[in-house]
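All values derive from a computational prediction rather than experimental measurement.
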Amino acid sequence: IPYDFNDSDFEVCENLLALYLDDYEDTPWEALKYLIAEANYGGRVTDDLDRRILHTYINDFFCEAALSTPNYRLSSMATYYIPDDGDLQSYKDYVHSFPNLDRPEAFGQHPNADIASQIRETRTILDTLLALQPKVSSAGGQSKEEQVAELAADILRRMPAQLGEEAAREKAKEDPCPLNTVLLQELVQYNALLAGIKDSLVQLDKGIKGLVVMSSDLEEIFNCILVATVPPAWGKTYPSLKPLGSWTRDLTARVAMFERWIGLPDAPPAFTMSYFTFPTGFLTAVLQTSARQNAISIDTLSWEFVVTQGEEITAAPKEGVYVEGLFLEGAGWDTRSACLTEPSPMELVSPLPAIFFRPVEGKKKVPKGVYVCPVYYYPVRASTPGIIPSYTISVDLKAGQQSHDHYIRRGTAILMSLDS
């Protein structure tokens with residue numbers, strides 16, 4: 001989330017630091033951390049995970065070792081350290097020795113972060129170029145109307161049929177468990193989406209042929225199909241960054257999962273959580289099911305997470321659910337040791353084995369050597385007004401040989417869906 005930090009924030013923190021270092025024989029580090037990370041800079045931070053990374057950085061820099069250790073390292077790179085005492089010119093010379101471009105390692109991130117940043121910048125440039133392309137058809141070849149009509153017809157052919165709401169209602173009547181209620185709610189959402197897509201494509205075809213007036217909504221769908229992006233009217237059901245082709249295939253896979261679920265007597269062996277339009281509701285339903293089975297309050301339940309070894313899930317557990325189709329960003333996964341590890345070069349995301357979400361009674365403290373990993377619905381981590389929050393839940397993963405702070409700096413997270 002971008003925050004409005006400004007020069008006055010820096011000046012206040014600078015004055016606080018000078019005051020506490022000069023006027024106290026024993027530096028009150030905890031007071032400094034609170035005033036800067038909680039009151040001043042932290043007062044602008046609204047997201048708990050952003051606050052966590054802020055605390056991680058300040059714990060690295062605001063410590064006794066920063067004063068007692070000669071040339072205290074500020075990052076894993078040898079370039080950044082606290083220089084020896086000297087005159088003003090020596091400090092200027094030291095600052096001028098910094099590289100013109102800061103590498104990701106300077107902030108505790110993996111070199112892959114630089115690649116991800118460059119990909120985002122390139123996509124922004126390409127999207128701008130697409131938006132600036134001429135709106136008139138060039139001589140020769142298919143016209144834009146013909147291209148869009150052909151693509152729209154192909155999408156319409158690929159659209160799956162409506163899901164059986166009546167069968168789901170009968171299933172919910174026979175077994176009124178929370179998961180069957182979630183199933184029915186999801187079917188209503190997807191059937192409305194499918195009906196809307198089919199109707200808009202039919203109307204778009206008529207508009208291209210001149211049989212109906214091309215409204216502003218149809219014009220928007222026309223332009224989106226032309227540049228292979230998802231029309232905003234179609235993207236209201238669930239957020240996604242996928243291009244139109246991938247989004248259409250993903251929608252077909254979503255509908256297929258719920259169609260299989262309708263035909264099963266019980267819940268499927270494993271769920272792809274990104275296929276739910278409201279995954280938080282799905283997880284709450286799992287907790288409600290467990291609470292009813294054990295005749296306890298849902299408020300006393302929390303989650304325990306077990307990452308599988310990658311084996312095929314053939315049967316549903318008696319309690320809890322298996323969740324698959326997850327991806328790690330900012331780290332790799334060591335299946336043999338069942339812990340986080342460094343990603344390979346150029347590996348921006350890596351698949352994660354299915355995770356067993358097990359409801360357990362009582363809230364346990366996070367043990368040492370465990371990284372509390374946030375799970376996001378899609379690659380945008382900041383909340384967007386009018387769209388369900390991307391953050392869904394946090395999963396406990398073993399940190400392996402590194403500390404949990406290492407992966408906080410890396411921004412390691414689980415993504416339920418990708419942008420491709």
Side-chain angles (χ1 to χ4, degrees), residues 1-3 5 7 9-10 13-14 17-18 21 27 29 32-33 36-37 40-42 45 49-122 328-334 339-350 368-369 371-374 379 381 397-413:
I1 298 176
Y3 297 104
F5 298 132
D7 291 341
D9 295 325
F10 177 80
C13 293
E14 183 184 28
L17 187 60
L21 288 177
T27 306
W29 295 112
L32 266 174
K33 291 176 184 178
I36 293 176
N40 197 47
Y41 278 110
V45 178
L49 294 170
D50 289 341
R51 193 180 300 275
R52 183 176 71 167
I53 183 65
L54 182 61
H55 283 206
T56 300
Y57 279 129
I58 203 167
N59 286 334
D60 288 342
F61 305 145
F62 285 51
C63 59
E64 193 61 36
L67 298 180
S68 58
T69 304
N71 299 132
Y72 180 76
R73 295 276 290 272
L74 300 175
S75 79
S76 60
M77 298 181 64
T79 311
Y80 303 94
Y81 59 89
I82 298 177
D84 296 326
D85 290 340
D87 55 16
L88 179 60
Q89 186 59 42
S90 67
Y91 296 136
K92 288 182 177 180
D93 293 339
Y94 170 65
V95 171
H96 289 153
S97 69
F98 290 169
N100 292 328
L101 295 176
D102 294 318
R103 293 172 55 184
E105 296 94 321
F107 309 100
Q109 296 182 340
H110 193 274
N112 287 345
D114 199 22
I115 301 171
S117 176
Q118 291 172 1
I119 290 175
R120 283 194 295 269
E121 290 178 2
T122 303
L328 263 178
E329 184 180 44
W333 184 255
D334 186 343
C339 66
L340 294 169
T341 186
E342 289 296 286
S344 302
M346 300 291 293
E347 187 181 40
L348 304 184
V349 293
S350 55
K368 290 185 177 180
Y371 171 62
V372 181
C373 184
R381 303 190 183 189
L397 299 176
K398 292 181 181 178
Q401 297 179 354
Q402 302 289 348
S403 66
H404 69 282
D405 287 346
H406 175 80
Y407 293 105
I408 291 175
R409 297 186 204 95
R410 292 289 171 92
T412 300

**Study point:** Backbone N/O of A113 and side chain of S117: donor-acceptor pair under 3.5 Å
**Key:** no

Review point. Looking at A66 and I82, what are the two nearest heavy atoms and their distance?
Key: O-CD1, 3.5 Å

Review point. Would you say the side chain of W333 lies within less than 4.5 Å of the side chain of T341, judging by non-hydrogen atoms?
Key: no

Revision key, fill the gap. Interatomic distance, CD@Q401 vs CD@E342, rounded to 0.5 Å, equals 9.5 Å

Check your understanding: Distance from T79 atom OG1 to L74 atom CG, nearest 0.5 Å?
Key -> 11.0 Å

Check your understanding: What distance do T27 atom OG1 and L17 atom CG have between them, rounded to the nearest 0.5 Å?
Key -> 9.0 Å

Practice item. Mark yes when over 12 heavy atoms from residues, nucleotides or ligands other than R103 sit less than 6.0 Å from its CZ; otherwise mark no. Key: no

Practice item. Return yes when atom NZ of K398 has more than 12 non-hydrogen atoms of other residues, nucleotides or ligands closer than 6.0 Å, and no otherwise. Key: no

Exercise for review: Specify whether Y80 and F98 have parallel, tilted or perpendicular ring planes, treating 30° as the upper limit for parallel and 60° as the lower limit for perpendicular.
Suggested key: tilted

Study note, to complete from the structure: Closest non-hydrogen contact found for I53 with R409 is CD1-CA, 3.7 Å

Check your understanding: If only atom types and distance count, is the side chain of S76 paired as donor or acceptor with the main-chain N or O of G108 below 3.5 Å?
Key -> no

Review point. Quick check: are there more than 12 heavy atoms from other residues, nucleotides or ligands sitting under 6.0 Å from CZ of F10?
Key: no

Review point. Can you tell me how far CD of Q109 sits from OG of S75, rounded to the nearest 0.5 angstrom?
Key: 11.5 Å

Practice item. Please list, chain by chain and in numerical order, all residues satisfying side-chain hydrogen bond (donor to acceptor under 3.5 Å, both in side chains) with D87, sequence neighbours excluded. Key: S90

Exercise for review: Check the angle between the aromatic planes of Y371 and Y407 and answer parallel, tilted or perpendicular using the 30° and 60° thresholds.
Suggested key: tilted

Review point. Taking all atoms of both residues into account, what is the closest heavy-atom pair of R73 and M77, and its distance?
Key: NE-O, 3.5 Å

Revision key, fill the gap. When every non-hydrogen atom of L328 is compared with those of C373, the smallest separation belongs to CD2-SG, 4.5 Å

Point to revise | Residue pair Q402 / L340, side-chain heavy-atom distance below 4.5 Å | key: no

Check your understanding: Is the CG atom of N71 crowded by more than 12 outside heavy atoms at less than 6.0 Å?
Key -> yes

Check your understanding: Side chains of Y91 and D84: closer than 4.5 Å at any heavy-atom pair?
Key -> no

Review point. Does the side chain of H404 reach to within under 4.5 Å of the side chain of R52, using non-hydrogen atoms?
Key: no

Check your understanding: R51 side chain to V45 main-chain N or O, any donor-acceptor pair under 3.5 Å?
Key -> yes

Review point. Is the side chain of N112 donor-acceptor paired with the backbone N or O of S344 at a distance under 3.5 Å, no angle test?
Key: yes

Check your understanding: Atom CG of L54 and atom NZ of K33: how far apart are they, to the nearest 0.5 Å?
Key -> 12.0 Å

**Study point:** From CG (N59) to NE2 (H55), nearest 0.5 Å
**Key:** 8.0 Å

Check your understanding: Can any side-chain N or O of Y57 pair as donor or acceptor with the backbone N or O of F107 at less than 3.5 Å?
Key -> yes

Review point. Is there side-chain contact between Y41 and I58, with at least one heavy-atom pair below 4.5 Å?
Key: no

Review point. Counting N and O atoms only, with roles assigned by atom type, does the side chain of Y72 sit under 3.5 Å from a partner on the main chain of L67, one being a donor and the other an acceptor?
Key: no

Check your understanding: Are E347 and H110 linked by a side-chain donor-acceptor pair shorter than 3.5 Å?
Key -> no

Check your understanding: Under the side chain to side chain contact (heavy atoms under 4.5 Å, CB included) criterion, do T412 and L397 qualify, and how do the steps go?
Key -> CA-CA 11 Å; T412 300; L397 299 176; 6.0 Å; no

